[in-house]
Structures are given as C-alpha cells and as structure tokens.
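Read the structure below first, then the notes.
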Amino acid sequence: MLKRIPVSSLIGLVFTALFLIVAVFAPFIAPYPTGQIVGGVWEPMSAQYWLGTDNLGRDLLSRMIYGAQITIFISVAATALSFTMGSVLGFAAAVIGGWFEIVMSRLVDLLMAIPTLIFGLVILSVLPTTIPVLIMVMGILDSTRVYRLSRAVAADINVMDFVEAAKLRGEGTGWIIFREILPNALSPLVSELGLRFIYAVLFLSALSFLGLGVQPPEADWGGMVKENKEGIVFGIPAALIPAAAIAALAISVNLVADWILNRTTSLKGGRG
Amino acid sequence: MGGSPILRLIAQRVAMGILLLFAVSALIFAGTQILPGDVAASILGQSATPTALANLRQELGLNDPAYVRYFRWLGGILTGDLGTALTTRQDIATTLGPRLWNTLFLAFWTAVVAIPLAILLGLLAVRYRNGPIDKAISGFALASTSLPEFFIGYLLIFFFAVKLQWFPSISTVYDGMPFLEKLQAIVLPGTALLLVVLAHMMRMTRAAILNVMQSAYVETAELKGLSQLNIIRKHAFPNAIAPIVNVVMLNLAFLVVGVVVVEVIFVYPGMGQYLVDHVAKRDVPVVQAVGLIFAAVYISLNIVADIASILANPRLRHPR
C-alpha cells in the first residue's frame, strides 16, 4: 500500500506525524518551560533560542512546542465530539426517518444558516472562555456538517439489500446503525475527518487570534500570533512563525485527506 | 397568483429566506440566553448590591420572560432601533452605521477584483486542463484554503508595509477621506481577503465549467471540429454562467465572514472589529445586533445566489 503513495501525500503524512509527535512529547522536547522568561523581549534567532524570544522574553521555540500540544489537543477533542455527535445523529436520522429526521435536518439547516465564526462569537460573548467550553462550542457547531454528510451516506446504504435483510431479521436500530451502516460508511467519513480537523485548527486559531479562544498564560498558536503581532510593524517576524505552523499543519493534513479521498471511489455521500 | 412559474419560484425563495431570518434572529437571541447569569450582573460586576442589581434589571426590563424580551428586541430592530450598548451607553445604530459602510466598501472592492480574476483563472485551468497552469492553480487553491487569514495578512504587512513601505500597516479610513487615499488604505486588507476567497471561487468555477464540458452538446461541438477555445466560449461558458453566479454569491457570503478576522489584523474600522471588541467586553446587545446583521447579509447573498441560478436556467425561463 505504501508503495503507491504519491510523493505529496507522503510529505503530508511525514509532517502530520511530526506535528503529532511534538504535541505528545512536548514537555520532553521543549528546551525551556512554557511560561519562563529567559531573555530580552523579541531577541532574534540564535543558537540559544532557535526561534528567538517572544513579546515577554519567553523562548519562542518552547512556546511553539507547547502551543502545538494545546492546538492539536483542542482540535482533536472538538473533531472527535463533532464526529461522534454528527455521525450518530446523521445515521439515526437516515435509519429512523419520519419526524426525527425532519426536526434534526431543519435544526441543522438553521444552525448552518449563520456563519460558524459569527455564531461562535455570539455564544462566546456570554460563556466563560475555558478549554472545555471551547471544545463543546467548536464540536457542536461543526457537527452540523458531519451530520449532513453521514445522513446522506447512510441514506444511500440504508436501501441496500443487506440492510433490508437485517431489518427483516428483526435487528434493532442500534444494530443497523453500528453493525450494518457504520462499517460501510467509514471510508467517506475518514477523509472528511481530516477536513474537519483542519477546520477545527483554523477555527480555534481564529478564535484565539481574536482573543476569544485559549486564554493567557496558556497559548495555542493562534494566541501566540496575537501575543506577538505588535512586533510586526517593527519588522520582527515572531508572529509569523506560529501562523506559518498553523498553515503547515493544515496543508499536511489536507494532503493526507486528499489522498484518502482519492482512494475511496464509491459512496461519496453526494460529494460527486 | 398565476403569473410565470419563474416569478412564483423566486417569491417562494424570498419567503423562505425571510422565514429563515426570523428563525435565525430567535437562535441568536437564544444563544445569548444560555447562561443563568444576566446582563445586569455582568455590568455591575461581583461587588454589586442586591438593590442596585434589582434597579438595573428593572431599568433594562430583564424581569420580563425571555419571549417578551425577544419580541421587544425584534420589534426594535424592525423599526431600526438596535438598542443601546452596555459598555458605552451609546446608541448602537448610530455607531454601527459608518462601520457597516466601511465593511461594505472593503468587501465591494475586493469582490470587484476577485470575481473577474476567479472566472478568468477558472477558465484558464479548464482550457489547459491537467497541464502545468491547471496544476499550479489547483496547488495554489489547496494552499490558500489551508492558510489562516492572519498568516496571509501579516505576511502582507511584513513585506509590503514594513519592509517595502508601499502601504500603511494600519488601514485607517475616516469620513471625508479622499477616495483614492481610501482605496490605497484598503489595498492590503483587500488583497488578504482576495487571497482567502479567490481559491474557492476558482476551484468551483473550474468544477462548474468541467461539469458542462462533459455534456452531450459539448461532445457534438468537439465532433463538429470546433477549437477548444470556441467550445468554451460559445458552448460551455454560457451554460456554466448559472453555476458560476451561484459560486460567486456563495463566496461573497464567505467574504463577509472573512472580513471579521481581516479587519482585526489591519485595525480597519469596520463591523467585524466592532463585533470582536464587544464580544470581549461581553456587551450582549451589540453582539446580538452585529451578529444578526452578519447573518442577514449572509442569508441574503444565499438567496440572491439561488435567484440567480433560477433566472439563468433556460428551462425555467422558457416554460412550455
């Protein structure tokens, strides 16, 4: 299988793995603790501070490494939440049908009629900005897209012979969803998983950049852009580094997701 | 009603849109009510005395049930009264007016550049399908959908405002500013927005034209021996206009949202920055009002997109 993998996807795979390793082993890799002030403000890159120091004189590389952990952890958690919620509800809607499907679908239409960032900001204006709240808000808002995809995919599968057979055997809704539909819906959902993860990373970064995501002294990459943005006008590129990291992570995952999507030919759930 | 089916379809779509807008207003209102604490407590802070709280609640009408407050709020908005900001005690509508104008100014000029450019690049990608131009365009599209707005924005500032000093790094616009200076001020934020929406538009334009290229009449044209360019110009493009208009409108809706982050990057005095500032200050009336306006613009553009595709569909235009 690995032999036929295109170069671009391989690059994406390697970088994605690299980011994950950095995130998981952050405390062992980072040369300095995340909050420790080690030098002057915005010192340039040097042998001692590979990426220089930030707006308070903390080691930028160490903050980047811890930032990877926070960014990736929140995005993974939000994606997991949106997938579990979206796919279970989407499958259930397709299998149960009737009023349940109508109510769920109209509710999703309504949520999707407001741009996610705008509605997220509206809700966050009254909620405390803690990490669990962020995960909940991001996960729930994004589950609408997963719901649409999984309902479409499940509706395709639901009319197939083996599902009819299971229904005639008298299997319950739970069996139909988890034993008949889920295994057959996995491949389109897996490539969607990558895209949703990227979306979560970008959404979280945007929120933190606007000062409404992860709160100091903790910082994800979006928050680090915010911390260091004042330096830009003095020609100090510290804010560009976390921004570039977000882009690199998003592009690598995108390359992997693209490859998986191209490998799954049938059953694209209305994606054409 | 009778009339032509096309008018009926459009009327239906508009009615649905208005219904959706009301539902959305209820959702936005409900979204700011999910916490047990109320506005009075957040204005006065923790040291508030119970009497002060009670007085403020009375003054703001917080003792009424939620649905009464919702209809009062909605009634106000329908008559042009957006309420008063909690933090500044200023009328929201008068503060918002010029900012809405600034945001539309930025979005409009970005769209003026983005739309023809996206269509041109989309056409080029189809004309030289699978060639180097097509590959470069799709590579660029993939990259720019993965780039956060602030990466593009700060790169532009870093190179064009700080290093080369061609443009100001902070895009201030004010009333009575000469038009050309205003344009110069929005070049960088406009470019950032452009790069954000261009990729989507291009990709979808390309897909729309390719879709048409696979139809039977294009094959006929090919077999007739028409050149590739003529096929695109005479057969594919006219039929792809409807999906392209749709794409453009959807992306304009996207642009209206992208504006929030871009305005904060360039400290542009528009609606997005106003929204973000007041979310941080937990100024709920402002957030509700601005959120509703953003949602309304987004929904309206979606309606226009649908109407455009109804109008451009020849099967509906010439009913038999």
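Values below: all heavy atoms of this structure, side chains included; hydrogens, waters and symmetry mates excluded. Chain letters run A, B, ... following the sequence lines, proteins first and then strands; every chain starts at 1.
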Query raised in the report: Does any heavy atom of chain B fall under 4.5 Å from the side chain of A:Ile232, the backbone, both, or neither of them?
Result: both
Query raised in the report: Between atom OG1 of A:Thr53 and atom CG of A:Leu61, what is the distance when rounded to the nearest 0.5 Å?
Result: 12.0 Å
Query raised in the report: Picking from B:Ala207, B:Ala296, B:Ala23, which has the most non-hydrogen pairs under 4.5 angstrom with chain A?
Result: B:Ala23
Query raised in the report: Any side-chain donor paired with an acceptor under 3.5 Å for A:Ser75 and A:Tyr199?
Result: no
Report task. Please tell me if the side chains of B:Tyr274 and B:Thr103 come closer than 4.5 Å, counting only heavy atoms from C-beta onward. Result -> no
Query raised in the report: Is chain B contacted by the side chain of A:Ile236, its backbone, both, or neither, given a heavy-atom distance below 4.5 Å?
Result: backbone
Query raised in the report: Which distance, rounded to the nearest 0.5 Å, do you find between the CD1 of A:Ile72 and the CG of A:Asp220?
Result: 11.0 Å
Query raised in the report: Where on A:Ile198 is there a heavy atom nearer than 4.5 Å to chain B: the side chain, the backbone, both, or neither?
Result: neither
Requested in this report: Using atom types as modelled and distance alone, determine if a side-chain donor or acceptor of B:Glu149 lies under 3.5 Å from a backbone N or O of B:Val262.
Outcome: no
**Report entry** Option in A:Ala248, A:Pro237, A:Gly211, A:Pro242 with maximal non-hydrogen atom pairs under 4.5 Å from chain B
**Finding:** A:Pro237
Query raised in the report: Given that the side chain runs from C-beta out, which part of B:Tyr154 has a heavy atom under 4.5 Å from chain A: side chain, backbone, both or neither?
Result: both
Report task. For chain B, find which of A:Ser125, A:Ser8, A:Ala250 contributes the most heavy-atom pairs closer than 4.5 angstrom. Result -> A:Ser125
Query raised in the report: In terms of heavy-atom pairs under 4.5 Å with chain A, which of B:Ile152, B:Ile28, B:Ile157 leads?
Result: B:Ile28
Query - Structural part of B:Leu292 lying under 4.5 Å from a heavy atom of chain A - result: neither
Query - Toward chain B, the part of A:Thr129 with a non-hydrogen atom under 4.5 Å - result: both
**Report entry** Pairing of A:Glu101 and A:Arg151 as salt bridge, 4.0 angstrom limit
**Finding:** yes
Query raised in the report: Is a side-chain N or O of B:Asn302 found less than 3.5 angstrom from the main chain of B:Tyr298, in a donor-acceptor match?
Result: yes
